[in-house]
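Below is one structure, written out as structure tokens, with a few remarks after it.
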Amino acid sequence: MKEKNKLKEEKKLIIKFDASLYDKVAVLKTCYIFQDRCHTKTETEKNSSIKVILTPKKESADLQQIENQFWDELIDQQVRYENDNLFSDIRRLIVEQAFRPVSFADLKNKIKKHAI
Amino acid sequence: MQSEKPYLLFPYRFMRFNEDVLLVNEAGEFIFLSEDDFARLLSYQLETNSETFLNLKSKHIVTNSDPTLPIYLLATKYRTKKSFLNDFTALHIFIVTLRCNQKCRYCQASSEDETKTEFDMDLYTAKKCVDMVFKSPSPTIKIEFQGGEPLLNFEIVKYIVQYSEKLNKIHHKRLEFVICTNLLAIDEQILRYLEGHNIWISTSLDGPKDIHDANRITRKGSGTYDIISKNIKLAKEKLGNHRVDALMVTTKNNVSQLNKVIDEYLKQGFCSIFIRTLHPFGRATKEKLGYDVETFFENYKKALTYIIQLNLDGVTISEQYATIILTKILTPFPVGFVDLQSPAGTGIGCAVYGFNGDVFVSDEARMLAKMGDHRFLMGNVRRNSYEEIFKGTVTQEAIENSCVESLPQCSECAFQVYCGADPVRNYYGQNDLIGHRPTSEFHQLNFLVIRHLMELIKENNQDIMNVFWSWITNRSIDEIKGLNRG
């Protein structure tokens, strides 16, 4: 389920969704990015859903457009979050090898140790 | 667990890019994918013999074989991209005086009257500064004289040059000098000295007479265009065209007339221009010479189009801001531009020595101190050791808070490898070293310019790409075309 409930009030967009679909990190990063166009407020609700309240900074803001952008960004942020978890070991190995290089054979062993 | 999948994904950052998705790896190599292919990539449904997969493999974004080699190669490329960190501080800016014979409307330096010699660097301080400079481990030392107007304290400039040359007989560094001068006080004798010591000139030219004289005026209020035009010519005759450069500042007076500024640069014999934004320090804020980011960007785009067309018409001129970013996008190499690197060049790439021996992490930090805030004062050459100044908490904080790899929003941005952070601008504009990306003009502008250049790269118009490569490699378009023909 993409969206449990959505209320559009005057100059305010309330988006609710199931917390199990999106990590908190992805939600907060999305809200952070939207701070250029909206004041953002995030709340958790008892029924394990998250409520995001977006209040546009400009009166002329198109709420539908903001909502569409928000969902697109949220999905991208969730992918990035999952990618980061996936990549963290490899990323650390790359940086380590860049600044504290070991031989090819030793690198191979390190990679094996990390079960990549 | 990726090992159970048909291929392994390597670190990349992505961004929706019009109808496609841009993917950039840890070393800045990039590829555009369709939305469908991106979805297939994420769900491990790409055929490993498909062209898309092989292209991604060539960019080290996926592999279906032993990961050691791609990790090894990525690490080597990452090290190259970060190789600006190897040498520590190379650029040392000396504020030899705060006195100036001009009173430009946007002056960041809050200059002092010509008579106020108490704002000159003295001999003892100059010696201490040079001693400090030569403690830098960097094999290259560039000393840049700024002010005020450095020619008003030329005796100290000469002392610094000669003392540096003397010390360099022991240290054997690549020693370079640049004097940033408005050229009002230049004469044949000074030019002979500059020529004899291989000192380059960086002057200021904001455009044709009406534009230049709107902001760049003497203390009595008269325009400076006529005299500096004459002196640019003289300097070029004496030092050679390549040793005289000019910088412009974009204000509300010329932002919509950048083509005229470019034409003026060509008229004066320059073959590059750096379309720079106004920094919000000093008098610039009082005089309200600014503009919003969108206004600058729209005009910058037009100016860039104009410059590209000039090149296609056989006129050689590059835009330096675009060249810096294109080099970052299209080559494996870092660019020695302290404003656009991670971590920022504050203290580790550049240091600024005030007339009284105060050492700052950047010129903007000095402006801030002039406005009463000494947040980025690293120390003083008269009181502090090299270690206290360059390894102190001020430098460390500036570095720690300017790694885009860990800054909010930058950490996942696909443009991260091409961009940078400026903790001083963040602190000044947003009262926080890390800054707030969604409302940062510095961020917005860099993002827009990088995106525009990436759009042009994606279009892959061969003529435009030839122009870009001619800028990056400092070769003529004909040479580039010859290389393309192979």
Side-chain angles (χ1 to χ4, degrees), chain A residues 23 25-26 28-40 54 56-58 66 68-116, chain B residues 1-5 8-16 21 23 25-27 35 38-39 41-44 60-63 66-83 85-86 293 403 405 407-414 436-441 443-444 447:
Chain A
D23 192 89
V25 172
L28 292 178
K29 284 189 171 184
T30 306
C31 289
Y32 182 84
I33 287 172
F34 270 68
Q35 287 181 347
D36 62 344
R37 64 211 96 155
C38 296
H39 298 288
T40 64
L54 300 170
K57 291 180 178 175
K58 284 185 184 169
I66 289 176
N68 292 342
Q69 288 172 342
F70 186 88
W71 284 116
D72 288 347
E73 188 60 42
L74 182 57
I75 290 168
D76 283 355
Q77 287 297 342
Q78 181 64 27
V79 172
R80 289 185 183 111
Y81 173 76
E82 287 174 16
N83 276 351
D84 275 352
N85 288 338
L86 201 63
F87 299 152
S88 60
D89 279 346
I90 305 179
R91 191 167 265 151
R92 194 166 50 248
L93 277 173
I94 292 167
V95 177
E96 244 179 54
Q97 179 65 17
F99 293 116
R100 206 173 51 194
V102 294
S103 72
F104 194 84
D106 287 345
L107 179 63
K108 202 177 179 79
N109 288 333
K110 273 170 110 175
I111 291 168
K112 265 188 197 158
K113 211 169 117 188
H114 284 278
I116 289 166
Chain B
M1 187 75 172
Q2 285 205 76
S3 54
E4 294 158 7
K5 310 285 185 188
L8 183 68
L9 286 170
F10 279 163
Y12 66 87
R13 293 177 181 84
F14 74 93
M15 175 189 293
R16 307 278 162 186
V21 183
L23 285 78
N25 75 11
E26 289 295 281
E35 297 253 5
F38 185 55
L41 170 75
L42 291 176
S43 54
Y44 294 91
H60 312 308
I61 290 171
V62 291
T63 190
D66 181 355
T68 313
L69 182 62
I71 289 177
Y72 191 86
L73 291 172
L74 271 171
T76 306
K77 291 174 182 182
Y78 189 88
R79 190 186 308 126
T80 303
K81 271 283 184 210
K82 295 286 185 190
S83 58
L85 292 169
N86 293 348
V293 170
C403 294
E405 291 82 355
L407 295 184
Q409 199 169 333
C410 299
S411 63
E412 59 265 1
C413 179
H436 184 248
R437 230 67 56 225
T439 52
S440 157
E441 291 193 350
H443 158 76
Q444 286 165 26
F447 182 87

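As the structure is a computational prediction, the values presented were derived from the model and not from experiment. Naming convention: chains lettered A, B, ... in sequence-line order (proteins, then strands); numbering from 1 in each chain.
In this structure, the portion of B:E26 lying under 4.5 Å from any heavy atom of chain A is its side chain and not its backbone. Proximity to chain A (any heavy atom under 4.5 Å) is restricted, for B:S411, to the side chain, taken from C-beta onward. Of the atoms belonging to A:D76, heavy atoms from both backbone and side chain fall under 4.5 Å from chain B. Using a 4.5 Å cut-off between heavy atoms, B:L69 contacts chain A through both its backbone and its side chain.
In this structure, the separation between CG on A:N83 and CZ on B:R13 is 10.5 Å, given to the nearest 0.5 Å. Annotation: the span from B:F14 atom CZ to A:R80 atom CZ amounts to 4.0 Å, rounded to 0.5 Å. Atom-to-atom distance recorded for A:I90:CD1 and B:L74:CG is 9.5 Å, nearest 0.5 angstrom. With rounding to the nearest 0.5 angstrom, the CD1 atom of A:I33 is 8.5 Å from the SG atom of B:C413.
With chain B as the partner, the residue from A:V79, A:D84, A:V102 showing the most heavy-atom pairs under 4.5 Å is A:V79. Taking chain A as the reference chain and counting heavy-atom pairs below 4.5 Å, the highest number among B:L42, B:L85, B:I71 is found for B:I71. Listed options A:Q77, A:E96, A:E82, A:K110 were ranked by heavy-atom pairs under 4.5 angstrom with chain B; first place goes to A:Q77.
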Inset, instruction - Apply the test ring-ring contact (aromatic ring centres under 6.0 Å, His included) to residues B:F10 and A:F87: give CA-CA distance (whole Å), side-chain angles for both, the deciding distance (0.1 Å), then the verdict. - result: CA-CA 6 Å; B:F10 279 163; A:F87 299 152; 8.4 Å; no

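Closest heavy-atom contact between A:A98 and B:A75: CB-O, 3.4 Å.
Between A:I94 and B:K77 the shortest side-chain heavy-atom distance does not fall below 4.5 Å. Residues A:F99 and B:K82 meet the side-chain proximity criterion, which asks for heavy atoms closer than 4.5 Å. In this structure, the side chains of A:K108 and B:Y72 stay at 4.5 Å or more apart for every pair of heavy atoms. A heavy-atom distance below 4.5 Å is found between the side chains of B:H436 and A:Y32. Side chains of A:K29 and B:P408 form no contact here, defined as non-hydrogen atoms less than 4.5 Å apart. You'll find the side chain of A:I111 stays beyond 4.5 Å of the side chain of B:D66, heavy atoms only. Looking only at side-chain heavy atoms (C-beta outward), A:R37 and B:P438 stay at 4.5 Å or farther from each other.
Put simply, the side chain of B:R16 never gets that close to the backbone of A:D72: no donor and acceptor are under 3.5 Å apart. Put simply, the side chain of B:R79 gets close to the backbone of A:Q97: a donor and an acceptor are under 3.5 Å apart.
Other residues, nucleotides and ligands contribute at most 12 non-hydrogen atoms within 6.0 Å of the NZ atom of A:K112.
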